[in-house]
Amino acid sequence: MRPAFYDRPVLAVAADLIGCILEHDGCSGVIVETEAYHHSEAACHAYVGLTARTSTLFAPAGIAYVYRSYGIHALINAVCEPEDVGAAVLIRALEPLTGLDAMRARRGLQRERDLCSGPGKLTQALGIGLEHNATDLTTGPVVIGSRPERWAGVQIVSDRRIGITRAIELPWRFCVAGSRYLSRPVSAFGGTAVRAAAVC
DNA sequence: CATGGGATTGACT
DNA sequence: GTCAATCCCATGC
């Protein structure tokens with residue numbers, strides 16, 4: 001994906017990243033769940049403005065924002081919109097595609113459904129860590145590639161975001177309808193169909 | 001400088 | 001269903 005892909009409204013990018021490929025170190029998977037964050041709403045780290053922690057969120061479009069969550073997990077986002085806007089798409093779940101054996105070794109378990117079905121799980125499975133913060137997703141080592149043909153017309157639904165305490169009303173979570181690889185099922189609130197993702 | 005709160009996960013009741 | 005692990009950093013005194 002080129003930088004211009006990310007230099008658009010974060011909600012559009014979050015929907016369009018569904019079906020695209022996240023790849024690192026020989027492992028890859030199809031993105032089946034994303035969430036959008038924007039500095040205008042309180043759940044976004046950039047809501048507090050520009051600080052040492054949030055500086056990556058104000059980086060150019062296409063840069064990776066990787067941060068530590070709950071002191072344990074690394075979560076990866078794709079920075080979006082112009083540099084004066086703090087916005088990013090959190091990658092929350094993948095359907096494993098290649099490098100399954102390496103994923104199983106890193107995760108310490110066998111079940112394919114459990115390898116990448118959560119934002120902390122997929123970074124562990126792909127070997128993505130805090131050292132990848134501020135790296136370029138268009139050139140690697142962590143890269144996002146365009147959708148395979150068979151994912152072109154995938155059905156997408158929106159839902160409320162997971163695990164946040166503020167701005168919980170916004171339907172800014174995007175999922176592949178019916179996917180078995182989501183971090184959690186789509187809620188009763190969600191299920192609203194979103195237009196089929198645009199061509200990447 | 002001390003404190004508290006997470007964009008989570010896995011183990012356990 | 002509950003709960004601890006563990007660390008970065010924003011905030012407040």
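Naming convention: chains lettered A, B, ... in sequence-line order (proteins, then strands); numbering from 1 in each chain.
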Residue pair A/S28, A/T98: steps toward the side chain to side chain donor-acceptor pair (under 3.5 Å) verdict: CA-CA 5 Å; A/S28 69; A/T98 66; 2.6 Å; yes

Side-chain donor or acceptor of [X] paired with backbone N/O of [Y] under 3.5 Å:
{"X": "A/N77", "Y": "A/V79", "value": "no"}
{"X": "A/H39", "Y": "A/G86", "value": "yes"}
{"X": "A/T34", "Y": "A/V89", "value": "no"}
{"X": "A/T54", "Y": "A/L57", "value": "no"}

Centroid separation A/H45 to A/Y37 less than 6.0 Å: no

May I have the step-by-step check of side chain to side chain donor-acceptor pair (under 3.5 Å) for A/Y181 and A/E33, ending in yes or no? CA-CA 9 Å; A/Y181 298 91; A/E33 179 180 344; over 6 Å; no

Using salt bridge (charged side-chain N to carboxylate O under 4.0 Å, His left out) as the criterion, point out the one residue from A/R92, A/R160, A/R184 that pairs with A/E35. A/R92

DNA chain B base-pair string [pairs: Watson-Crick or G-U under 3.5 Å; |: paired with another strand]: ||||||.|||||.

Bounds of contact between DNA chain B and chain A, in 5' to 3' order, using a heavy-atom cut-off under 4.0 Å: B/dG6 to B/dG10

Quick check: on DNA chain B, is the nucleotide nearest A/R166 upstream (toward 5') of the one nearest A/G120, or the reverse? Name the residue that is more 5'. A/R166

Can you sort out the partners of A/D25 under side chain to side chain contact (heavy atoms under 4.5 Å, CB included), two or more places apart, ordered by chain and number? A/R106

How would you list, by chain and number, every residue that makes a salt bridge (Lys or Arg N to Asp or Glu O under 4.0 Å) with A/E41, sequence neighbours excluded? A/R161

Between A/Y70 and A/R68, is there a cation-pi geometry (under 6.0 Å to ring centre, at most 45° from the normal)? no

Near DNA chain C, counting only heavy atoms under 4.0 Å, which residues of residues 81-116 of chain A show up? none

Do A/R8 and A/D16 touch side chain to side chain, with heavy atoms closer than 4.5 Å? yes

Going 5' to 3' through nucleotides 3-13 of chain C and flagging B where a protein heavy-atom sits under 4.0 Å of the base, S where only the sugar-phosphate is that close, and - otherwise, we get --BBB-SSS--

